[in-house]
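Remember, it's a predicted structure, so these values are computed and weren't measured experimentally. Sequence lines set the chain letters: A, B, ... in the order given, protein chains first and strands last, and positions in each chain run from 1.
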Number of protein chains: 2
Amino acid sequence: MEGQKIRNMEEFAEVSGISRPTVSKYFNDPDSVRKSTRGKIEAALEEYDYRPNIFAINQNRKLTKNIGIVVPNLADPFFAEISRTIERRCLDAGFKPTLYGSHGDPQLETEILDNLRLLKPAGTLIAPLGRLSDKGFIEAFCRDVPTVLFDSNLEGLGEAFVGSDNYSFVSQTVDYLSRTGEAPCFFEMKNPANPNANKRRQAYIDKMHELGHAPKIVQIDGEGWSFEEIGRAGALKAIQDKSLPTSTVLCSNDRLAIGFLSACYEMGLRVGSGDGCALRVASHDDHPYARFTCPSLTTAAHDYDSVSSQSVDTLMSIIESGGRPSTRNEQLFPAKLILRSSA
Amino acid sequence: MEGQKIRNMEEFAEVSGISRPTVSKYFNDPDSVRKSTRGKIEAALEEYDYRPNIFAINQNRKLTKNIGIVVPNLADPFFAEISRTIERRCLDAGFKPTLYGSHGDPQLETEILDNLRLLKPAGTLIAPLGRLSDKGFIEAFCRDVPTVLFDSNLEGLGEAFVGSDNYSFVSQTVDYLSRTGEAPCFFEMKNPANPNANKRRQAYIDKMHELGHAPKIVQIDGEGWSFEEIGRAGALKAIQDKSLPTSTVLCSNDRLAIGFLSACYEMGLRVGSGDGCALRVASHDDHPYARFTCPSLTTAAHDYDSVSSQSVDTLMSIIESGGRPSTRNEQLFPAKLILRSSA
DNA sequence: ACAAAATTTTTACGCGTGTAAATTTTGCGC
DNA sequence: GCGCAAAATTTACACGCGTAAAAATTTTGT
């Protein structure tokens with residue numbers, strides 16, 4: 001760690017006693033040089049701390065080792081959690097992931113992709129905003145950069161999609177609720193931005209028919225990504241209007257359910273499956289806070305690990321194969337029912 | 001948007017009828033060229049979509065327009081929220097912010113800074129891990145890159161610190177609780193990683209003395225960043241052992257309080273200030289979920305806007321002045337008491 | 001020990017932009 | 001129309017590394 005400062009690879013090559021092209025080769029793949037050579041370089045690395053200039057490297061590469069990860073909302077613990085896992089896996093694969101949140105704003109989403117393109121990324125993982133996304137723009141982006149979509153699917157966009165099987169989620173919760181009591185109504189936003197919401201509604205309807213029940217859907221007003229607040233306001237209104245068709249409620253997602261439970265508490269309605277409970281509430285996603293709601297929330301959990309590892313693996317194999325795969329691959333993972341106190 | 005593809009500034013200069021050095025000047029500062037020249041360039045930009053190669057630019061600049069934002073944990077909505085605001089302000093100031101979360105891991109924190117250095121950032125905003133941070137490493141980093149610390153202070157590190165005034169937080173909550181009922185005990189982790197926790201404990205002790213009460217502190221076990229779980233387990237234990245010294249509890253932060261409330265609900269203890277309530281609970285931070293807990297949480301709110309805008313403004317002025325300021329500036333913002341149902 | 005194979009060295013150019021210096025052109029007031 | 005200052009152009013080099021081609025060296029197999 002002493003000696004004069006090393007300014008570039010030229011100088012580092014000199015102090016390590018190896019020619020610059022060979023040093024360059026080493027940094028691109030340490031195993032591509034002879035063991036004795038590698039030894040000398042690594043000895044020099046111990047003594048002088050030199051690291052190649054990342055800008056000069058990337059200027060000459062067609063593709064960098066950068067990977068972009070774009071999610072709709074980093075303040076949502078669900079996305080924070082899954083992008084953390086994805087980030088980790090990219091690092092382990094030797095790439096440089098960068099995280100971007102579009103904060104529910106379609107314009108910001110396109111801006112992010114626009115800037116991302118300049119970074120010549122090897123690939124991108126996108127959880128798109130959904131209905132509001134500028135599909136045309138994303139499609140154009142996908143032509144330039146190998147892209148895997150996750151969490152929410154935009155038909156035909158990207159080389160692959162990895163997500164959760166909404167039918168499995170709803171099927172399990174409806175099944176459980178019906179088996180242990182009254183069949184649930186479905187509580188959701190009127191105009192959900194996320195395409196998963198539409199799939200969940202359809203799955204609810206199908207599953208209810210399958211079980212011989214009439215589906216009952218409660219749709220509440222609200223725009224944007226403040227789901228808890230929207231769920232809370234919708235629940236307060238539904239309770240006051242006595243417009244809930246059943247006393248078993250299946251929320252489309254946990255964030256709505258968090259608001260729903262908050263409203264129930266405020267209105268003095270006891271939630272749970274025991275005696276003296278007015279309502280049963282269940283939901284989907286297994287939000288990191290679902291275990292701390294009052295009561296703790298019965299929900300269907302994403303297979304975080306499988307989704308994130310499969311997303312990254314898929315992207316890696318696309319990157320390695322160099323070209324685009326001929327068929328767009330879609331992979332869905334089933335949910336795992338998590339029984340807690342709310343139902 | 002038609003015409004042949006533009007490969008570099010040379011070609012773009014040609015189609016716009018301006019020399020390359022002038023075009024370069026334009027991209028560095030559109031106002032530095034004559035209006036008629038700017039017009040020609042912008043007309044060409046309409047027709048051909050060219051954007052300068054970011055790697056070639058940064059290679060020749062001593063400093064880039066990059067700004068690094070490092071927080072301990074992106075999955076914590078508090079940090080997600082404040083970094084979102086900071087990110088926005090950096091963008092508005094014409095910089096390119098990149099967000100990094102160290103996930104509570106000191107080694108990852110140093111790795112992030114290590115990689116950040118290679119990006120030759122114009123400046124960095126760091127909310128350090130705290131007690132676990134590698135102070136020596138961060139100090140070395142600060143010698144190379146203008147750095148503003150926020151949220152949690154490491155004495156003497158960075159050019160400035162911007163955060164919240166912990167005394168103001170605790171002072172207001174203790175004051176309110178004492179004024180409206182029994183003086184609170186203080187509920188916290190035994191070995192908090194975050195230095196704010198220590199300041200809050202001391203502020204609690206001081207304020208209690210000032211009001212003529214004996215401070216009572218409940219310290220619970222637990223390591224890491226799963227504060228809700230730690231708070232929940234600690235609360236369950238304290239309730240079962242009947243070791244809570246008072247029936248008014250002031251939690252060190254909202255995430256602990258979320259766990260605390262969850263435990264109370266599970267144990268059938270009603271929380272609030274009305275009749276039939278067994279406990280009053282208050283806390284600090286105004287976590288985004290504090291309004292959805294059961295009951296909703298009385299807490300002291302950060303001045304998010306002031307902290308984030310002041311952090312960015314401070315960094316910008318340091319960057320513009322080019323050098324290091326002679327004195328390390330510390331700026332603290334007071335809390336705002338938010339009264340809800342829990343106390 | 002010798003030929004073949006593998007690796008390294010030497011040499012040289014390219015990537016796309018910043019920027020300095022000298023020169024030419026433009027804009028503008030009188 | 002003149003003269004001056006401001007702006008643009010021309011020319012040239014720099015940044016740090018990838019990489020190709022040919023030559024020199026080392027290693028490997030027998």
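Atom-to-atom, OH of B:Tyr26 to P of C:dT19 comes out at 17 Å; the value is rounded to the nearest Å. Between the CD atom of A:Glu11 and the C1' atom of D:dC15 there is a distance of 13 Å, rounded to whole Å. When the C1' atom of C:dT7 is taken as reference, atom CG of A:Asp31 falls 15 Å away, rounded to whole Å. Taking atom CZ on A:Phe27 and atom P on D:dG18, their separation rounds to 9 Å, with Å as the unit. Whole-Å rounding puts the A:Arg7 CZ to D:dA14 P distance at 14 Å. To the nearest angstrom, C1' of C:dT9 lies 14 Å from CD of A:Glu14. One atom, CZ of B:Phe55, and another, C1' of C:dG18, lie 17 Å apart when rounded to the nearest Å. Straight-line distance from the CZ atom of B:Arg51 to the P atom of C:dG16: 17 Å, rounded to whole Å.
Residues of residues 56-65 of chain A having a heavy atom closer than 4.0 Å to DNA chain D, listed by number: A:Ala56, A:Ile57, A:Gln59, A:Asn60.
Of the listed nucleotides (C:dG18, D:dG18, D:dG16), C:dG18 has the atom at the smallest distance from the side chain of B:Met9.
The main-chain N or O of B:Ser32 is found under 3.5 Å from a side-chain atom of B:Lys25 such that the two form a donor-acceptor pair.
Residues A:Phe333 and A:Gln310 meet the side-chain proximity criterion, which asks for heavy atoms closer than 4.5 Å. Side-chain contact between A:Ile57 and B:Phe55 is absent, with no heavy atoms from C-beta onward closer than 4.5 Å.
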Notebook entry, point to check: Reading nucleotides 3-10 of chain D 5' to 3', which nucleotides get B (base under 4.0 Å from a protein heavy atom), which S (sugar-phosphate only), which -?
Noted result: ----SSBB

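The two residues B:Ser16 and B:Lys40 come nearest to each other via the heavy atoms O-CB, 4.0 Å. Counting all heavy atoms, side chain and backbone alike, B:Ala93 lies closest to B:Met316 at CB-CE, 3.9 Å.
Put simply, B:Tyr50 has a side-chain N or O that comes within less than 4.0 Å of OP1 or OP2 on C:dT17. Look at A:Ser24 and you'll find a side-chain N or O under 4.0 angstrom from OP1 or OP2 of D:dG18.
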Checklist line | Residue pair A:Val71, A:Phe150: steps toward the side chain to side chain contact (heavy atoms under 4.5 Å, CB included) verdict | finding: CA-CA 9 Å; A:Val71 298; A:Phe150 68 99; 3.9 Å; yes

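Using a 4.0 Å cut-off between charged side-chain N and carboxylate O, B:Glu81 and B:Arg84 make a salt bridge. Residues B:Arg89 and B:Asp313 are not paired through a salt bridge, judged by the lack of any N-O separation under 4.0 Å between the basic side chain and the carboxylate. Between A:Lys120 and A:Asp144 there is no salt bridge, since none of the side-chain N atoms of the basic residue sits less than 4.0 Å from a carboxylate O of the acidic one.
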